[in-house]
Number of protein chains: 2
Amino acid sequence: MSKGQQTKTAILDEAVRLASRVGFNALTIGQLAEATEMSKSGLFAHFKSKEALQLATLDRGREWFTGVVIRPTLASPRGIARVRTLFDRWLVWETETLPGGCIFVTGSIEYDDQPGPMRDALVRNQRDWAEFIESVASAAVNEGDFRADLDLQQFAFSLQGLIYAYHHGTRLLRDPKSLEHTHRGLELLIDSAKA
Amino acid sequence: MSKGQQTKTAILDEAVRLASRVGFNALTIGQLAEATEMSKSGLFAHFKSKEALQLATLDRGREWFTGVVIRPTLASPRGIARVRTLFDRWLVWETETLPGGCIFVTGSIEYDDQPGPMRDALVRNQRDWAEFIESVASAAVNEGDFRADLDLQQFAFSLQGLIYAYHHGTRLLRDPKSLEHTHRGLELLIDSAKA
DNA sequence: CCATTTTCAGCACGACCGTTCTATGACGTC
DNA sequence: GACGTCATAGAACGGTCGTGCTGAAAATGG
């Protein structure tokens with residue numbers, strides 16, 4: 001990897017951390033330059049615009065997410081076990097990987113009413129994520145763990161709700177019972193999907 | 001009501017609408033002045049700081065919320081009916097009242113990692129909201145509609161998840177099935193709480 | 001109807017924003 | 001070892017941010 005790519009990746013890693021705390025718009029080039037101990041113009045040269053930086057940050061976040069959540073999930077045995085792994089890995093992603101929690105939660109709310117490339121990228125991301133959840137649930141159906149007439153989209157929708165509720169409970173309210181509530185919510189969801 | 005209070009309220013009404021679309025930080029004094037056809041300094045004189053403006057906007061939003069959600073809910077007969085009314089009124093609040101959806105959803109994510117008066121106010125707000133949900137569920141327990149050993153906090157947590165999932169589904173993904181998924185999610189939640 | 005307070009616009013400020021231009025040093029290639 | 005590409009810094013730009021100061025117009029109350 002060339003020197004340029006190396007520093008660019010280092011910048012983006014820091015950008016992902018920063019964005020998780022303050023969001024993508026408050027992710028300022030000046031602050032990011034300070035955090036990476038670079039000059040504003042030196043950093044800026046790697047991206048030709050702020051929007052490109054934001055998009056690259058989102059993409060770098062996606063790479064992290066793949067490593068922390070997607071791959072471990074796929075390495076888990078199909079069926080209910082994999083559903084549980086998916087959720088457990090997401091909890092790791094939310095609580096241990098980034099200082100400010102899931103950047104997709106943050107970004108989704110930030111751009112849900114603001115048209116543009118960032119919104120488009122987030123929509124693609126979240127659609128992929130929903131489809132991934134559905135595919136994991138679908139495998140559980142094929143394994144006979146979940147009932148055959150399970151509405152996969154409904155399942156993904158409810159699981160996404162749990163994700164948001166956990167973010168809300170831990171990040172904003174700092175409610176120590178959030179984890180317990182989330183797990184009970186997942187069990188209720190799984191029970192309702194069982195064969 | 002004095003002239004000052006009158007324009008102040010008009011400013012805040014516009015601020016609530018603006019904040020629902022772009023958030024509380026992107027709620028700029030310049031843009032708000034333009035939207036209300038006032039000068040920046042003239043508008044600013046009503047609030048002594050931007051933070052005071054943000055807090056006042058949040059409070060004005062709370063007033064709207066009380067009128068759209070809280071009061072109609074309390075006017076509904078105790079029990080499951082009131083639980084359904086609570087949710088239906090929230091859907092009205094989310095989809096019809098403001099152009100960018102619930103400002104508490106937006107604000108909660110925006111400030112969940114940023115200490116200060118805004119965060120404190122949002123936490124208070126959301127705790128009150130959670131307690132309100134619990135009180136409505138508690139009434140349903142007393143009416144005999146919900147089982148006596150229902151975990152009220154767990155119920156409020158799950159319902160809050162549905163709220164976020166609906167916001168996510170309609171605002172970001174623009175998924176036309178969101179409403180249906182939300183209703184099915186509510187029914188599942190209600191069924192699991194029944195006596 | 002006048003005196004006083006309130007309401008608001010105009011202007012200016014320093015800070016920071018994203019962005020551009022220019023210069024300089026490091027690097028890979030022959 | 002010279003050369004050209006690449007990586008970065010420095011300075012400066014126009015713009016917008018939040019925030020004060022000043023004065024005029026408007027509302028208020030006796």
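These numbers come from the heavy atoms of this one structure, side chains and all, not from hydrogens, waters or symmetry mates.
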* Using 4.0 Å as the upper bound for N to carboxylate O, is an ion pair formed by A:R184 and A:E187? -> no
Atom [atom1] of [X] and atom [atom2] of [N]: how far apart are they, to the nearest Å?
{"X": "A:F24", "N": "C:dG18", "atom1": "CZ", "atom2": "P", "answer": "15 Å"}
{"X": "B:I11", "N": "C:dA9", "atom1": "CD1", "atom2": "C1'", "answer": "13 Å"}
{"X": "B:M1", "N": "C:dT6", "atom1": "CE", "atom2": "C1'", "answer": "16 Å"}
{"X": "A:L43", "N": "D:dT8", "atom1": "CG", "atom2": "P", "answer": "9 Å"}
{"X": "A:I29", "N": "D:dT8", "atom1": "CD1", "atom2": "P", "answer": "16 Å"}
{"X": "A:N25", "N": "C:dG18", "atom1": "CG", "atom2": "C1'", "answer": "12 Å"}
{"X": "A:F47", "N": "C:dT20", "atom1": "CZ", "atom2": "P", "answer": "15 Å"}
{"X": "B:Q6", "N": "C:dT7", "atom1": "CD", "atom2": "C1'", "answer": "12 Å"}

* For D:dA7, does OP1 or OP2 lie under 4.0 Å from any side-chain N or O of A:T7? ->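 Checking A:T7 against D:dA7: no side-chain N or O falls below 4.0 Å of OP1 or OP2.
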* Asked: Does B:H46 make a side-chain N or O approach to OP1 or OP2 of C:dC8 shorter than 4.0 Å?
  ->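 Indeed, a polar side-chain atom of B:H46 lies that close.
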Among [options], which is the nearest nucleotide to the side chain of [X]?
{"X": "A:K40", "options": "D:dT8, C:dC21, C:dC17", "answer": "C:dC17"}
{"X": "A:M38", "options": "C:dC8, D:dT8, D:dG18", "answer": "D:dT8"}
{"X": "A:K50", "options": "C:dT19, C:dA9, D:dT8", "answer": "C:dT19"}
{"X": "A:S41", "options": "C:dC21, C:dG18, C:dT7", "answer": "C:dC21"}
{"X": "B:S2", "options": "D:dC17, C:dT7, D:dT19", "answer": "C:dT7"}

Angle between ring planes, [X] versus [Y], binned at 30° and 60°: parallel, tilted or perpendicular?
{"X": "B:H168", "Y": "A:Y164", "answer": "tilted"}
{"X": "A:W90", "Y": "A:F87", "answer": "tilted"}
{"X": "B:W129", "Y": "B:F65", "answer": "perpendicular"}

* If you pin A:Q5 and B:E51 to their nearest nucleotides in DNA chain D, which one's is more 5'? -> A:Q5
* To do: Please tell me which of A:K8 and B:L27 maps to the more 5' nucleotide of DNA chain D, matching each residue to the nucleotide holding its nearest heavy atom.
  => A:K8
* To do: Kindly say whether A:F24 contributes a backbone atom to a donor-acceptor pair with the side chain of A:Q54 at under 3.5 angstrom?
  =>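 Flag set: sc A:Q54 to bb A:F24 pair under 3.5 Å.
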